There are 2 protein chains.
Amino acid sequence: MSRLKHPKQFPAADHDHKTCITHALQEAEAYCKQQGLRLTELRRRVLELIWANHQPVGAYDLLEQLTREGRKAAPPTIYRSLDFLMQSGLIHRITSLNAYVGCNHPGLDHAAQFFICEYCGQAAEMDDAQIVSAIAKDAKRLGFTVEKRTIEVAGICAHCRHHSET
Amino acid sequence: MSRLKHPKQFPAADHDHKTCITHALQEAEAYCKQQGLRLTELRRRVLELIWANHQPVGAYDLLEQLTREGRKAAPPTIYRSLDFLMQSGLIHRITSLNAYVGCNHPGLDHAAQFFICEYCGQAAEMDDAQIVSAIAKDAKRLGFTVEKRTIEVAGICAHCRHHSET
DNA sequence: CGGATATTGTTATAATATAACGTAACATTA
DNA sequence: TAATGTTACGTTATATTATAACAATATCCG
């Protein structure tokens, strides 16, 4: 069903936040080193903040967080870092939210689909081959060459639904 | 494959633009009448402009077109009309473009997927049950309740690809 | 008509993103 | 290590998309 070994689920309420961030940063460092990409202080910090937020986060939110840390930052600062991180495959942009979220498996070429909870704001990244192939089939029929897929499903995650059932 | 009787294709270069607009407007009028929705002068004109552009068009583009016609219009004017038209199912919003496009089958409850050509800017609306069911399957596995799907595929349409092959 | 509701006008501003240009850091190689 | 080219970052200004808040007008219905 999924081409990924460890498709992200909605994280459990008690999952280890810190380990999760640390792990993502370590992977990113290793990946950039291997690829000759320059994960500078700033870029690293932006990536870390994205993971620390642990859900899709807006550019101006990140900007404010950087500013609060005493770093001089204007919009271009953050957008350039976001561009780098996206091009490097370390984060994804969620179009329907204008927000950015860490990628669970940098380096792996993958189509990403997001399931976004409207209550808690968390997003689960999937890579469903069936969706991809259904799109490919339509594209073929249209004679359309696919460049980029934007697949974002909004709704309510299991956790929030159970808690809202009064 | 498609649940629609007449899934939109990329319109042929020689298709009859005027008839196409007229038809959409007539359908909209009939639909609104039947549903008791008020397709006012303004809303009708906005819908007409969207169809006349015949590809996804931005709110501020529409605004400018209205202004050029001598109508006093500020952003809220256009956004309110767009909201009405979306809620009535007469147009769709294409998130990845921040643009609006006419719906081919108002009234029909349907999931829409868009194939958007990066060259000519045209968008083809599809309603592929396979995509929808693949998403439903993932959602079920996650315990996720789907509210809204955003499925937009960017690429190059057949027509533009042929013309770019020098 | 007259009151309620829906629509539109108007002004201001929020939220997201980029252009343009200058400066600093870094990397390479003579 | 100094010269040079390249990449990243700082800074200012502005573009683009969208909404808040409130006033004025049009429409509906008893």
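Not measured: the values here are computed from a predicted model.
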Counting N and O atoms only, with roles assigned by atom type, does the side chain of A:Glu27 sit under 3.5 Å from a partner on the main chain of A:Pro106, one being a donor and the other an acceptor?
no
Between protein and nucleotides 26-30 of chain D, what N or O pairs are separated by less than 3.5 Å?
none

Between D:dG10 atom C1' and A:Leu66 atom CG, what is the distance in whole Å?
13 Å
A:Asn98 has an atom CG; how far is it from atom P of D:dT19, in whole Å?
11 Å
Nearest-Å distance, CD (A:Glu41) to C1' (C:dC26)?
15 Å
What orientation do A:Trp51 and A:His54 show, parallel under 30°, tilted 30 to 60°, or perpendicular over 60°?
perpendicular
Is there a donor on the side chain of A:Tyr60 or the base of C:dA14 sitting less than 3.5 Å from an acceptor on the other?
no
Below 4.0 angstrom, N of the basic side chain to O of the carboxylate: do A:Lys148 and B:Glu118 qualify?
no
I'd like to know whether the aromatic ring centres of B:Phe10 and B:Phe115 sit less than 6.0 Å apart in this structure.
no
Ring centroid separation A:Phe114 to A:His92 under 6.0 Å
yes
Between B:Ile94 (CD1) and D:dT17 (P), how many Å, whole number?
14 Å
Could you grab the distance from atom CG of B:Leu42 to atom OG1 of B:Thr77, nearest 0.5 Å is fine?
7.0 Å
Taken to the nearest whole Å, CG/B:Leu63 to P/C:dG9 is 11 Å
Nearest whole Å is fine: how far is C:dT16 P from A:Leu62 CG?
11 Å
Counting only N and O atoms by type, is there a donor-acceptor contact under 3.5 Å from the side chain of A:Arg43 to the main-chain atoms of A:Arg38?
yes
Near-strand residues of residues 70-81 of chain A, defined as heavy-atom separation under 4.0 angstrom from DNA chain D
A:Lys72, A:Ala74, A:Pro76, A:Thr77, A:Arg80
Whole-Å distance separating the CG atom of A:Leu82 from the C1' atom of C:dA15
15 Å
Going by atom types alone, do A:Glu125 and A:His110 pair a side-chain donor with an acceptor below 3.5 Å?
yes
Under 3.5 Å: donor-acceptor pair, side chain of B:Gln55, backbone of B:Cys120
yes
Can you find a side chain N or O atom of A:Thr40 that sits less than 4.0 Å from OP1 or OP2 on C:dA25?
no
Could you give the CG-to-C1' distance, from B:Leu39 to C:dA6, as a whole number of Å?
15 Å
